[in-house]
Number of protein chains: 2
Amino acid sequence: MEKDITIYDIARELDLSPTTISRALNDHPAVNKKTKQRISEAAAQMGYRSNLFASNLRRQRTNTIGLIVPRLDSPFHSSVIAGMEKVANEAGYNLIISQSLETLQKEIANANTMFNSRVDGLLVSLSFETETLEHFENFVSKGIPVIFYDRVAEHKECTSIVIDNLQAAYKATSHLIEQGCTNIVHITGNLKRNVYADRLKGFKYALIDHNLPFSEENVIISKMTEEAGTLAAQQILEMDPLPDGIFVSNDTCAVSCLKALKKANISIPRDIAVIGFNNDAISRVVEPNLTTINYPGQEMGEVALRVLLLQLNGSRDNVPSNTINLRSELIIRESSLKSKSNAKKKAVHL
Amino acid sequence: MEKDITIYDIARELDLSPTTISRALNDHPAVNKKTKQRISEAAAQMGYRSNLFASNLRRQRTNTIGLIVPRLDSPFHSSVIAGMEKVANEAGYNLIISQSLETLQKEIANANTMFNSRVDGLLVSLSFETETLEHFENFVSKGIPVIFYDRVAEHKECTSIVIDNLQAAYKATSHLIEQGCTNIVHITGNLKRNVYADRLKGFKYALIDHNLPFSEENVIISKMTEEAGTLAAQQILEMDPLPDGIFVSNDTCAVSCLKALKKANISIPRDIAVIGFNNDAISRVVEPNLTTINYPGQEMGEVALRVLLLQLNGSRDNVPSNTINLRSELIIRESSLKSKSNAKKKAVHL
DNA sequence: CAAATATATGAAATCGGTTTCAATAATTGC
DNA sequence: GCAATTATTGAAACCGATTTCATATATTTG
């Protein structure tokens with residue numbers, strides 16, 4: 001446990017001032033090239049490492065970006081994070097990550113920690129419970145950029161990054177209708193969240209545009225977990241008449257629902273067609289393969305981080321627009337194909 | 001963008017010294033209760049927030065833990081991280097996360113970043129390519145605890161957290177043999193990594209103990225991805241005679257292999273029994289359901305972090321042991337049950 | 001009641017870079 | 001050859017909290 005080498009040690013060694021050492025190590029133009037050379041050699045040889053705290057303290061920035069996510073153990077969020085880490089790493093930023101576990105209380109606590117850690121920017125995907133954005137006002141009023149992605153909320157100072165959930169749901173529902181479904185159930189999550197509210201809207205509009213009735217009873221609000229899918233299946237099995245199509249707001253829930261229906265001797269897609277959302281790995285494994293919406297997680301993460309970097313480096317008012325929409329697509333697989341003849345029609349880009 | 005409130009501002013406001021403010025905010029016993037009360041009220045009212053850099057600079061610690069992981073978008077690693085975040089958060093630590101993407105070069109770069117960020121401790125699961133632990137010597141020689149988990153390597157100063165891969169593989173292989181398999185293929189990853197080397201050993205020992213021949217040709221080394229599973233299936237289909245059992249070192253690869261075999265009209269488990277590793281969600285979705293080893297990701301994350309906290313807070317020599325073994329278990333499902341009569345035998349704890 | 005102890009507070013140094021302002025040395029222009 | 005400009009370096013203040021050591025007051029003890 002030897003003590004750290006500081007720029008003062010290097011300065012003493014080379015008989016220069018700490019000022020020059022600091023400048024040289026930051027590649028400041030006002031330092032002679034040869035001096036720079038000598039200094040960087042000495043630094044390497046002496047095993048110097050910069051003290052980021054001293055630096056941060058003085059410059060008032062941290063090169064650290066905060067991330068608050070509902071759950072870390074979700075395929076979608078882990079691919080988003082993978083994308084974020086990649087871009088952040090390349091740009092020399094650290095990522096501090098915390099999870100709200102879908103509770104408002106933890107989301108607030110995490111936001112405060114991030115604020116005290118003085119992150120340069122914040123990325124957030126909201127919890128189920130969140131109603132207002134008060135706990136992010138600290139950031140906004142200090143000019144720290146906050147970016148919402150996927151589970152977003154309107155804020156005039158903040159950029160949001162989403163896919164067009166309404167349109168995706170509209171396409172999915174329309175596809176079910178084209179397959180001959182007339183009595184479709186929609187399983188979705190907490191309607192406080194845009195993703196679920198928008199998908200419900202898309203579902204509803206598709207029905208209306210195709211002259212089908214919309215009924216509240218055909219909408220099941222759930223936690224969207226594996227268990228929730230099983231429960232939803234039970235609920236569906238008690239419906240009379242049975243629906244002939246189900247549009248579920250994520251694949252985890254869609255798959256467990258599908259499995260439970262199969263166990264009850266329902267034929268998929270003949271009796272009931274099923275569509276999920278996310279294009280998780282399980283959607284390609286379940287039998288029949290699940291029709292779903294391809295959701296660009298990694299790309300969303302990369303875009304979110306790039307937009308944040310723009311706001312950090314560029315001028316503050318450099319924000320191109322308040323909401324960025326990423327492309328998503330309907331991936332048609334067996335679970336929704338009632339008419340086999342349609343099987344050729346592969347992927348519909350939205 | 002108002003300027004920050006500091007303890008000096010509070011001191012001036014209350015006509016006290018910064019020393020007292022600092023102590024009061026840290027709940028130091030030598031400050032009068034009433035004074036503390038006044039100070040914390042003033043702090044709240046003035047919107048004070050502690051400057052962690054100043055604090056870190058002075059105390060020479062960061063309350064930050066570094067994590068280097070091969071990939072963020074893996075079900076196993078995301079559950080590990082979820083566990084770590086939970087414990088870290090409760091203990092008031094931040095987690096800085098980066099991914100090596102299975103390359104040594106990025107692992108080194110990330111380790112250096114962590115070192116410069118002066119993390120209080122480091123958690124690592126090694127990349128495929130890593131051969132030596134030189135890039136962690138910085139930490140060790142400064143007394144910064146480094147903990148390896150899952151993909152570990154021997155280091156006399158560092159704790160490792162693993163499951164007993166050898167035993168798990170032994171049990172899995174023995175189970176295949178009990179089901180009547182006599183010609184078993186093992187698909188696994190880079191043997192530099194303990195997890196794969198140990199599983200190979202367990203595979204080999206089980207064969208030997210049951211008087212079955214071990215042949216190098218029955219071991220397929222792959223990247224363990226979805227594509228690798230499909231490729232491995234092709235390789236297997238060209239074998240003559242076909243094997244009657246396959247033990248794969250992860251579920252992703254096992255499932256894609258199983259799917260490819262089914263597509264080639266191989267009956268699972270009748271023609272070939274299949275066992276995976278990890279107990280990912282897909283193992284419960286694929287048909288037939290996949291026999292696999294349940295791998296306690298979340299728990300491993302929690303334990304890793306708790307051990308690290310012990311080393312950070314307790315005495316440096318408080319390390320209970322160099323290697324911590326977590327329990328894993330064989331979960332028997334249809335994909336390996338050649339004799340249906342055995343179906344009752346549910347889970348074998350290791 | 002004096003001495004000893006406990007309680008409460010503050011002055012000043014410190015952590016290690018960064019930055020402003022000033023100074024000196026080297027170079028250029030006319 | 002001298003003024004003007006440019007290149008290079010340094011002294012000292014600063015960022016904001018923590019901590020050591022000292023001091024003043026309050027309380028207890030013999």
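A note on names: the letters A, B, ... follow the listed sequences, proteins ahead of strands, and every chain is numbered from 1.
- If you take NE2 of H28(B) and C1' of dT9(C), they are 12 Å apart, rounded to a whole angstrom.
- Taking atom CG on D15(B) and atom C1' on dT9(C), their separation rounds to 12 Å, with Å as the unit.
- As rounded to whole Å, 18 Å separates atom P of dC15(C) from atom CZ of R61(B).
- L16(A) places its CG atom 15 Å from the P atom of dG17(C), with the value rounded to the nearest Å.
- Results of the side chain to side chain contact (heavy atoms under 4.5 Å, CB included) test with L126(B) over I68(B), V195(B), N194(B), L133(B) single out L133(B) as the only residue that passes.
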B/S/- along nucleotides 13-19 of chain D (protein heavy atoms under 4.0 Å) is BBBBBBB

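- If you run side chain to side chain contact (heavy atoms under 4.5 Å, CB included) between L14(A) and each of D9(A), T20(A), I39(A), only I39(A) comes through.
- When atom types are taken as modelled, the side chain of T113(B) and the backbone of A111(B) share no donor-acceptor pair closer than 3.5 angstrom.
- If you check residues 34-44 of chain B against DNA chain C, the residues with a heavy atom closer than 4.0 Å are T35(B), listed by number.
- For the pair R193(A) (side chain) and V152(A) (backbone), a donor-acceptor distance under 3.5 Å is absent.
- Nucleotide dT25(D) holds its P atom 16 Å from the CG atom of N32(B), rounded to whole Å.
- Put simply, the side chain of N63(B) gets close to the backbone of G92(B): a donor and an acceptor are under 3.5 Å apart.
- Panel note: side chain N322(B), backbone C158(B); a donor-acceptor pair is recorded below 3.5 Å.
- Under the 3.5 Å distance criterion, the side-chain polar atoms of N26(B) are left unmatched by any main-chain donor or acceptor of H28(B).
- Remark: the backbone N or O of Q99(A) is not paired with any side-chain donor or acceptor of R71(A) at under 3.5 angstrom.
- Rounded to a whole Å, the CG atom of D27(B) is 15 Å from the C1' atom of dA8(C).
- Side-chain nitrogen and oxygen atoms of T20(B) include at least one within less than 4.0 Å of the OP1 or OP2 phosphate oxygen of dG10(C).
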